[in-house]
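Index from 1, following the sequence.
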Amino acid sequence: KKKILHNKFSHHEITMMHIPVPQKREILNIKSKSKKPILEKIPKLNDNKAFVISLIKEDPRNYKFASEKLRNDLSVALIAFELDGLLLEYAGEKIKNNRTLTSLAVKNNGLALEFAHPKFQDDNDIVAIAMHQNLYAKSFVGSKMKLKFYSEKKKQILMAVETDGTLLRFADTELRNDFDVVWSAVHQNGLALEFASTKLKSDKFIVSEAVKQYSGAIVHAGKFLRQD
């Protein structure tokens with residue numbers, strides 16, 4: 001009895017809800033013995049809005065087990081996402097199409113961007129909010145945003161290797177495999193060939209330019225080009 005009285009969800013709160021007595025007893029029993037969300041245990045109550053909201057406030061995981069109707073309810077989602085943005089994963093399409101609620105979810109947890117509607121994964125503002133909360137949210141941006149980030153990185157590394165080709169060593173793997181970036185690097189310093197991708201070390205145009213700048217760069221060329 002003491003365990004039950006010490007729960008945030010009191011006898012009085014349950015009694016005030018229009019729930020049959022047998023189910024009230026079941027709820028109290030589950031709350032005192034289980035760490036699992038109540039709605040996972042008694043899904044028959046998952047469409048009672050007032051009850052579901054109370055449970056979500058106590059344990060946000062209950063949102064996952066709410067009825068489809070309530071998972072598509074704006075006010076229910078608002079409460080859930082303020083507590084745990086990752087619950088966006090279980091939201092209905094109506095909610096995932098809501099820009100305000102998506103912003104709220106990624107503000108709470110940037111990694112919720114993984115579960116956002118594709119159009120929001122390419123939304124500048126939402127991506128910025130997500131990455132501000134968790135930089136790793138960058139892993140879940142859309143194709144257009146990835147291209148934008150890549151273009152920005154490429155511009156920066158091009159400026160660097162045009163000054164010192166060997167700075168190619170600090171470029172991301174994908175940029176070491178970018179023809180424009182690597183050609184600019186070996187054009188500035190043939191030894192930059194050492195830091196090119198395996199694929200571009202076997203590119204005759206890249207290797208030719210590197211050797212043109214420094215004959216010793218041939219040691220970094222692919223096996224077949226070294227034999228030539």
Crowding at [atom1], [X] (>12 non-hydrogen neighbours, <6.0 Å):
X: E68; atom1: CD; value: no
X: K153; atom1: NZ; value: yes
X: K119; atom1: NZ; value: yes

According to a hydrophobic-cluster definition based on side-chain heavy atoms being under 4.5 Å apart (Ile, Leu, Val, Met, Phe, Trp, Tyr only), do [X] and [Y] belong together?
X: Y214; Y: I218; answer: no
X: L191; Y: F195; answer: no
X: L200; Y: V211; answer: yes
X: I56; Y: L74; answer: yes
X: L86; Y: Y136; answer: yes

Is there side-chain contact between V182 and L168, with heavy atoms separated by less than 4.5 Å?
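Side chain of V182 against side chain of L168, heavy atoms only: contact under 4.5 Å found.
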Would you check if F205 and F179 make a side-chain contact, meaning some heavy-atom pair closer than 4.5 Å?
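Contact flag for F205/F179 side chains = yes.
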Just by distance, no angles: are the side chains of [X] and [Y] close enough, under 3.5 Å, to form a donor-acceptor pair?
X: S75; Y: K49; value: yes
X: Y150; Y: D178; value: yes
X: E152; Y: Q156; value: no

Before we go on, tell me: are the rings of Y63 and F81 under 6.0 Å apart, centre to centre?
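So the answer is yes for these two rings.
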Look only at the side chain of [X] and the backbone of [Y], and say whether a donor-acceptor pair between them is shorter than 3.5 Å.
X: Q188; Y: T163; answer: yes
X: R61; Y: K36; answer: no
X: N108; Y: E82; answer: yes
X: R71; Y: A66; answer: yes

Parallel, tilted or perpendicular: ring planes of F120 versus H117, cut at 30 and 60 degrees
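Aromatic pair F120/H117 classed perpendicular.
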Nearest-0.5 Å distance, CD1 of residue I95 to CG of residue L88:
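Going from CD1 on I95 over to CG on L88, the span is 9.5 Å.
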CD1 of I157 to CD of E162: how many Å apart, nearest 0.5 Å?
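I157 CD1 to E162 CD: 10.5 Å, rounded to 0.5 Å.
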Sidechain N-carboxylate O distance under 4.0 Å for D123, R99
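The answer is yes: the pair qualifies as a salt bridge.
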Applying the side-chain contact (heavy atoms from CB on, under 4.5 Å) test to Q121, which of L113, V141, I126, T102 qualifies?
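With Q121 as partner, L113, V141, I126, T102 yield a single side-chain contact (heavy atoms from CB on, under 4.5 Å), made by L113.
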